[in-house]
2 protein chains.
Amino acid sequence: MYDVAERSGVSIATVSRVYRNPDSVRAQTRERVLEAARELGYVPSGNARGLASRTTGVLGLCFPDYADPDAEADAENDSGADDAAMLYSDQIIRGMERAARRHGYALLIAASLQGGPESLVAKVAGRVDGFAVLAQTVPTEDLEVISRRLPVVMLAGPREIDHLDHLVVANAAGERELTRHLIEDHGLRRLAFVGGDPDSPDAEARFRGFREACGDAGLPVPEAPDLRTGMMTRAEGARAAETLLDRGGERPDAMVFANDQMAVGALRALERREVRVPEDMAVTGFDGIPLSRIVRPSLTTVRQPIRQLGEQAVELLVQRLADPSREPVSLELPVSLARRASCGCG
Amino acid sequence: MYDVAERSGVSIATVSRVYRNPDSVRAQTRERVLEAARELGYVPSGNARGLASRTTGVLGLCFPDYADPDAEADAENDSGADDAAMLYSDQIIRGMERAARRHGYALLIAASLQGGPESLVAKVAGRVDGFAVLAQTVPTEDLEVISRRLPVVMLAGPREIDHLDHLVVANAAGERELTRHLIEDHGLRRLAFVGGDPDSPDAEARFRGFREACGDAGLPVPEAPDLRTGMMTRAEGARAAETLLDRGGERPDAMVFANDQMAVGALRALERREVRVPEDMAVTGFDGIPLSRIVRPSLTTVRQPIRQLGEQAVELLVQRLADPSREPVSLELPVSLARRASCGCG
DNA sequence: CAGAGTGATGTATGCGCTTACAGGCAGCGC
DNA sequence: GCGCTGCCTGTAAGCGCATACATCACTCTG
């Protein structure tokens with residue numbers, strides 16, 4: 001910047017003004033400065049700018065590291081063991097990037113590794129004006145500290161820190177509505193719920209919704225999912241479907257999966273076993289991923305507005321940046337039931 | 001930081017050392033400092049740190065804004081008009097994030113809007129140690145200037161600036177191999193190529209490969225694609241397929257699409273028209289998106305290592321950061337043919 | 001027990017920018 | 001001609017940290 005100032009015969013203040021507030025500089029002077037900047041290959045330092053102005057123009061996102069980065073990514077394996085988590089994060093990233101851009105922010109993303117003062121989380125926190133955190137990616141105590149200095153919004157999961165803005169989708173309500181549909185509209189009675197990791201708040205909330213619907217309908221309310229898988233992937237879903245088929249006792253007439261990936265895997269498995277869907281068995285998912293529309297039979301599911309989750313997160317951050325004293329909010333984004341072929345609709 | 005120093009009775013230098021170089025501080029002192037930091041909610045300023053150390057620990061990515069951020073995102077529309085571009089960007093983001101993380105970097109992403117000194121590109125450039133640019137997202141002249149100050153790697157597209165590192169996938173070679181397969185192994189002769197936007201370097205390179213294969217086999221070499229679509233989406237692919245069917249003259253025996261999205265759309269359209277795939281018509285795509293494996297018939301395509309593209313971009317940046325004098329390279333990442341049902345294999 | 005050596009800590013400077021404030025310089029009415 | 005008003009530009013003081021160098025308290029060696 002000093003070089004640019006010298007070369008164009010002005011002071012550094014003028015150079016700064018050319019970038020910060022072009023109208024306050026005479027057009028002729030401005031041109032001289034820009035010309036010099038071009039010749040010198042001048043790139044304003046975001047660091048210095050941020051330091052002086054106490055703002056970065058960047059928002060952040062911490063999400064779980066969906067895969068070991070050291071694991072060899074073999075080209076042949078496109079089965080996507082970690083598809084579920086990745087799709088989820090991708091959508092949030094998209095949503096946030098969009099909304100951030102609309103507000104003139106860039107987006108800094110980092111999958112959180114283990115904590116410690118020199119973790120990526122700390123790096124993100126130090127370089128942004130505010131950021132969003134996917135549940136269970138950052139230790140609560142770190143968040144506690146960081147959130148005293150800048151806006152943080154928590155996505156999904158329980159609201160661990162009550163002075164933070166918090167955003168969830170209506171997992172329970174959605175699953176409840178879906179289950180009600182199966183019971184009341186299709187007359188199904190023997191529903192099997194396939195959950196995921198007990199640590200997944202989303203999956204657990206969905207199970208809660210499932211239970212509520214069972215209770216509403218006067219059906220027995222299960223204590224725990226009929227089956228839990230670890231990964232919530234297609235492969236696990238397929239295995240779960242087979243396990244349920246092979247189990248003794250009366251065969252269920254519907255399999256309710258905690259997400260779409262598993263449900264899609266189940267559809268394949270049922271096809272192999274020559275169990276007709278939906279005639280012999282209804283199958284449902286949760287999420288509304290693109291694939292759910294494309295598989296045959298198309299999958300009845302609950303559309304989750306993941307991208308909006310990201311967009312809304314940015315909105316909350318921007319709001320709080322504008323008014324730091326605003327009361328913390330906890331929003332639940334609505335979901336919508338997609339009735340399709342796999343439950344007997346459409 | 002001054003507050004932390006005061007509270008823990010040390011100098012700011014010691015506080016700095018606690019974070020930068022913990023071992024150089026007595027364990028007892030270190031604890032006192034960390035304790036004070038916790039109490040005060042201290043978050044080191046990335047800006048100041050970056051300013052003083054002349055490095056940010058952040059890498060950047062500029063990608064095309066795949067959709068107007070002001071457009072209403074309606075929940076019901078999950079047909080994904082912009083799926084193609086988004087998937088592509090998502091994968092690159094994933095790849096870069098992974099590799100960046102492995103090297104201890106965070107990733108700053110921004111879809112490039114129009115240029116100008118205050119564009120997001122400038123913001124990104126000022127806040128990172130190096131960054132990657134997807135072809136045609138940043139004006140060449142801007143890149144020219146920026147690349148004099150920090151490492152830039154160009155992804156896909158032609159190599160517009162020859163002192164930059166440059167990364168492409170083997171579009172032409174892949175399409176050539178695919179086309180050769182259709183001609184030689186399946187004995188097809190009337191191939192129709194459906195391209196996309198003439199401005200898409202990828203699509204054009206693929207068409208080049210297609211032409212080469214035609215030439216190799218002694219078939220007539222088309223001047224231009226039999227059809228071009230604007231968006232390269234499923235909907236466009238479906239329309240293209242119908243157009244080709246309805247066209248007078250001899251019906252083709254293979255439709256070669258410039259990407260998977262269009263090919264998948266075409267599969268649906270052909271199904272509706274009761275054209276059997278692959279018996280009556282072979283269909284191929286390009287990209288190897290997950291969906292290509294899942295549709296029925298599964299889609300013969302060329303697997304493109306998009307994620308590796310992102311990873312490799314980071315590797316190049318890291319290398320150049322380590323050795324700024326390294327000769328600029330231009331790498332072509334290999335692709336692989338996925339022979340599946342839609343061409344008559346598998 | 002002096003002097004050298006070692007490890008822990010403090011001092012002070014500068015990283016490149018923003019911005020309040022202070023000129024300088026026209027044009028204006030009187 | 002004088003003081004005023006506005007517009008443009010320059011001056012200078014930080015922003016919060018890293019780090020070279022200075023300092024200090026010790027331990028060790030002979």
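In what follows, chains are A, B, ... by sequence order, proteins preceding strands, each numbered from 1.
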Would you say dG16(C) has OP1 or OP2 under 4.0 Å from some side-chain N or O of Ser16(A)?
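So the side chain of Ser16(A) is outside the cut-off, no N or O lying under 4.0 Å from OP1 or OP2 of dG16(C).
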Taking the nucleotide of DNA chain C with the closest heavy atom to each, which residue, Arg26(B) or Ser53(A), is nearer the 5' end?
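Counting from the 5' end, the first nearest nucleotide belongs to Arg26(B).
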Starting at the 5' end of DNA chain C, which residue's closest nucleotide do you reach first, Ser24(B) or Arg54(B)?
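Between the two, 5'-proximity favours Ser24(B).
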Do Phe63(A) and Ile109(A) have side-chain heavy atoms sitting under 4.5 Å apart?
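The answer is yes, as the side chains (C-beta and beyond) meet within the 4.5 Å cut-off.
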So Arg159(A) and Pro328(A), do their side chains get closer than 4.5 Å, heavy atoms only?
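Pro328(A) reaches Arg159(A) side chain to side chain.
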Hey, are Arg148(B) and Glu144(B) close enough for a salt bridge, meaning a charged N less than 4.0 Å from a carboxylate O?
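Looking at Glu144(B) together with Arg148(B), the answer is no, because their closest N to O distance does not fall below 4.0 Å.
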So, Glu35(B) and Arg38(B), do they make that salt bridge, N to O below 4.0 Å?
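Yes, charged N to carboxylate O under 4.0 Å.
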Do any N or O atoms from the side chain of Lys123(A) and from the backbone of Val58(B) form a donor-acceptor pair under 3.5 angstrom?
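Checked: no pair found.
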Kindly say whether Gly310(B) contributes a backbone atom to a donor-acceptor pair with the side chain of Arg94(B) at under 3.5 angstrom?
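No: the side chain of Arg94(B) does not pair with the backbone of Gly310(B).
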Under 4.0 Å from any atom of DNA chain C, heavy atoms only: list the residues of residues 1-12 of chain B that qualify, in numerical order.
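Correct list: Gly9(B), Val10(B), Ser11(B).
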For Gln136(A), run the side chain to side chain contact (heavy atoms under 4.5 Å, CB included) check against Ser200(A), Pro64(A), Pro201(A) and tell me which one passes.
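Result for side chain to side chain contact (heavy atoms under 4.5 Å, CB included) with Gln136(A): Pro201(A).
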So, Glu315(A) and His103(A): side-chain donor and acceptor under 3.5 Å apart, yes or no?
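Present: a donor and an acceptor within the cut-off.
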Applying a 4.0 Å non-hydrogen cut-off, can you work out what Ser45(B) is touching in the nucleic acid: base, sugar-phosphate, or nothing?
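Sugar-phosphate contact only.
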Of all the choices, dG16(D), dG10(D), dG16(C), which nucleotide is nearest to the side chain of Thr14(A) once you look at every atom?
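So the side chain of Thr14(A) is nearest to dG10(D).
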Any idea which of dC8(D), dG14(D), dA18(D) is nearest the Ala52(A) side chain?
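Closest of the options to the side chain of Ala52(A): dG14(D).
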Angle by which the axis turns from one end of the helix from dC1(C)-dG30(D) to dC30(C)-dG1(D) to the other, five pairs per end, to 10 degrees
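The two end axes of the helix from dC1(C)-dG30(D) to dC30(C)-dG1(D) meet at 50°.
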Going 5' to 3' through nucleotides 20-25 of chain C and flagging B where a protein heavy-atom sits under 4.0 Å of the base, S where only the sugar-phosphate is that close, and - otherwise, we get ------
